[in-house]
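Model, not experiment: these values are computed from the prediction. Chain letters run A, B, ... following the sequence lines, proteins first, then strands; residues in each count from 1.
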2 protein chains.
Amino acid sequence: MRLLVVEDEHKIAAALKKGLEQENYAVDLAYDGEEGYDFASTEDYAVIILDLMLPKMDGVTVCKKLREDNIHTPILMLTAKGELDDKVSGLNSGADDYLTKPFAFAELLARVKALTRRPKHTTQTKLKVADLTLNTNNYEVKRNAKVIQLSKKEFALLEYLMRHPNTILSKDQIIAHIWDYEADVLPNTVEVYIGYLRRKLPNLIHTIRGFGYKIGEAK
Amino acid sequence: MRLLVVEDEHKIAAALKKGLEQENYAVDLAYDGEEGYDFASTEDYAVIILDLMLPKMDGVTVCKKLREDNIHTPILMLTAKGELDDKVSGLNSGADDYLTKPFAFAELLARVKALTRRPKHTTQTKLKVADLTLNTNNYEVKRNAKVIQLSKKEFALLEYLMRHPNTILSKDQIIAHIWDYEADVLPNTVEVYIGYLRRKLPNLIHTIRGFGYKIGEAK
DNA sequence: TCAATATCTCAGCCAATCCTCAGCAAAGTG
DNA sequence: CACTTTGCTGAGGATTGGCTGAGATATTGA
């Protein structure tokens, strides 16, 4: 599935491209409004991720022009913090959803998935690994019918692990996925959260020294 | 595929050129920022490998100027250790990825491949030799469906051997590829690691006395 | 507002891993 | 065979990676 990211901050653009490609999307980048508009009106995208503040042509204008051209590709608008009015104008201009910076990548991914409208059975909302289930609709984690209480971060980490079974996820990947791009947390923080999860869910998360972590049945 | 390396330390520049050429890239070298900028804006490269600290014009400036000229060639920025802020400024200036010195050549190669975005099926992630498979996605090594545990260095060495089947790799080549250029390890270290691998994976790695090692079926 | 909870860092510990060394084995040479 | 060169391997010290308890700071909720 092909996505367009229109974002002038290269750091963010590069991070999104990398993350989305890991999730098997094909990603095109545009660095200003005009370029974004050109791409969007030439190519056929599943979703357009569009920053609000852009050089040459701002997001709202891009959005409006596309809608005038009868291009109804779903648009996810990125707005800087505190620009609440912009949210409104973003939605009025024809955007389908918005996200406030700084956001965690996992957050963006969830919205993109919602917009691609993969019917429910494709976007897994009930994840299962061994005797553990995680429901992303009601944020409930159960092990053998017993509910486990998790904090927000613990839940996000567990969800990420469970969405990538049989995959080793490095601490850096985990940080890039769970924390927002301004956060700058230490790898040790991941170790600590893995520790928390293991206390509540023993024998499920495995360390692969030098590489990262992996979830799965006891070996 | 043509690459540009902009690096003032001749030792590193030469090592990169040599290694990349062995991987069938054509490599141009530039030794300062101005020269690098000239090359980059004249020729057409698949990726630009750009040191941050450079005489005449630093990497960030080169990067910014190129982007202003609307040259969006993927840039891999090399930053010295401990210059964490530089990472940020590197990405903000328009670089697509960065690598902290000192790095192992294998590391750089992986990033270059990621940036040229040879789609997944072109960059082999599942290597196979005889009854042995190595998966670079989940770092899993299997022999006849049986998982073999390897340390990081062991894995890197095995991957290098498997990526060059029917090729004799000398100890020096192995050192240049797996260890970073500051490491300066003895050839004997390679012998030791070959020994470790042989213990875990008997009858696969062959010594060609005087030349090096080669992986393959028992002869 | 105050207490409970959550987030994140830090320092110290332990164990796996890395790498060197020295002695031995095997191969090559006259 | 004697001698040299090259490779192999067990032992062990140094280094690194990962885990955890303690605590400082931020956030939430009564």
Side-chain angles (χ1 to χ4, degrees), chain A residues 81 102 104 106 139 141 148-158 160-161 168-215 219, chain B residues 81 84 100 102-104 106-107 139 141 148-158 160-161 168-215 219:
Chain A
K81 199 175 174 179
Y139 300 97
V141 176
I148 313 284
Q149 287 298 338
L150 297 184
S151 83
K152 218 171 177 177
K153 274 270 144 52
E154 289 164 358
F155 184 90
L157 173 53
L158 183 61
Y160 186 37
L161 291 170
I168 297 176
L169 299 168
S170 72
K171 288 171 208 169
D172 284 345
Q173 275 179 304
I174 291 171
I175 289 170
H177 194 275
I178 307 283
W179 276 267
D180 72 71
Y181 45 82
E182 286 184 345
D184 195 34
V185 294
L186 305 172
N188 171 253
T189 306
V190 177
E191 293 164 18
V192 172
Y193 276 91
I194 291 284
Y196 293 159
L197 280 181
R198 289 215 254 239
R199 228 170 281 179
K200 296 180 177 181
L201 303 163
N203 292 64
L204 268 172
I205 302 171
H206 310 292
T207 304
I208 294 88
R209 182 172 246 258
F211 296 99
Y213 299 95
K214 193 174 103 171
I215 200 161
K219 281 181 295 196
Chain B
K81 199 176 174 179
L84 287 204
T100 317
F103 49 84
E107 191 60 38
Y139 305 100
V141 176
I148 313 285
Q149 290 295 341
L150 297 184
S151 83
K152 214 174 178 179
K153 272 271 145 53
E154 288 164 358
F155 184 91
L157 173 53
L158 182 62
Y160 186 38
L161 292 171
I168 298 176
L169 299 168
S170 72
K171 288 170 207 168
D172 284 346
Q173 274 179 305
I174 291 171
I175 289 170
H177 194 274
I178 307 283
W179 275 266
D180 70 71
Y181 46 82
E182 284 184 347
D184 195 33
V185 295
L186 305 172
N188 171 250
T189 306
V190 177
E191 293 165 15
V192 171
Y193 277 92
I194 291 285
Y196 293 158
L197 280 182
R198 290 215 255 239
R199 226 171 283 178
K200 296 180 178 182
L201 303 163
N203 293 62
L204 268 172
I205 302 171
H206 311 292
T207 304
I208 293 89
R209 179 168 249 260
F211 295 96
Y213 299 95
K214 193 176 103 171
I215 199 162
K219 281 182 294 194

### Query
Given atom CZ of B/R198 and atom C1' of C/dA26, what is their separation to the nearest angstrom?
12 Å
#### Entry: Phosphate contact (C/dC19 OP1 or OP2) by B/W179 side-chain N/O below 4.0 Å
yes
### Message
Is the phosphate of D/dC19 approached by A/Y213 (side-chain N or O, under 4.0 Å from OP1 or OP2)?
### Response
yes
### Query
So, is A/K171 near the phosphate of D/dG18, with a side-chain N or O under 4.0 Å from OP1 or OP2?
yes
### Query
For the side chain of B/N188 and the base of D/dT6, is some donor closer than 3.5 Å to an acceptor across the two?
no
### Query
Any side-chain N or O of A/R209 less than 4.0 Å from the OP1 or OP2 oxygen of C/dC18?
no
### Message
Could you check whether any side-chain heavy atom of A/L161 comes within less than 4.5 Å of a side-chain heavy atom of A/L157, counting everything from C-beta outward?
### Response
yes
### Query
At under 4.0 Å, does any side-chain N or O of B/T207 touch on OP1 or OP2 of D/dC8?
yes
### Query
Between B/R199 and D/dT9, is there a side-chain N or O to OP1/OP2 distance below 4.0 Å?
no
## Note on the structure
Note: for A/G195 and B/I194 on DNA chain D, the residue whose nearest nucleotide lies more 5' is B/I194
### Task
State which residues pass side-chain hydrogen bond (donor to acceptor under 3.5 Å, both in side chains) with A/N188; sequence neighbours excluded, sorted by chain then number.
A/E191
#### Entry: Length of the line joining A/Y196:OH and D/dG21:P, which is rounded to integer Å
10 Å
### Query
For the helix from C/dT1-D/dA30 to C/dG30-D/dC1, how many degrees between its two end axes (five pairs per end), to the nearest 10°?
30°
### Separation of D/dC8 P from B/L197 CG (nearest whole Å)
12 Å
### Task
In whole angstrom, give the distance that lies between atom CZ of B/F211 and atom C1' of D/dG7.
15 Å
### Message
Measuring to OP1 and OP2 of C/dC8, would you say a side-chain N or O of A/K153 lies under 4.0 angstrom away?
### Response
yes
### For atom CD of B/E182 and atom P of D/dT15, their distance in whole Å
16 Å
### Query
Where the side chain of A/Y193 is defined as all heavy atoms beyond and including C-beta, which of C/dT7, C/dT17, D/dC8 is the nearest nucleotide?
C/dT7
#### Entry: Closest nucleotide among C/dA6, C/dC19, D/dT9 to the B/E191 side chain
D/dT9
### Task
Find the distance A/L169:CG to D/dG18:P and express it as a whole number of Å.
14 Å
### Query
Could you state the CD-C1' distance from B/E154 to D/dT16, rounded to the nearest angstrom?
15 Å
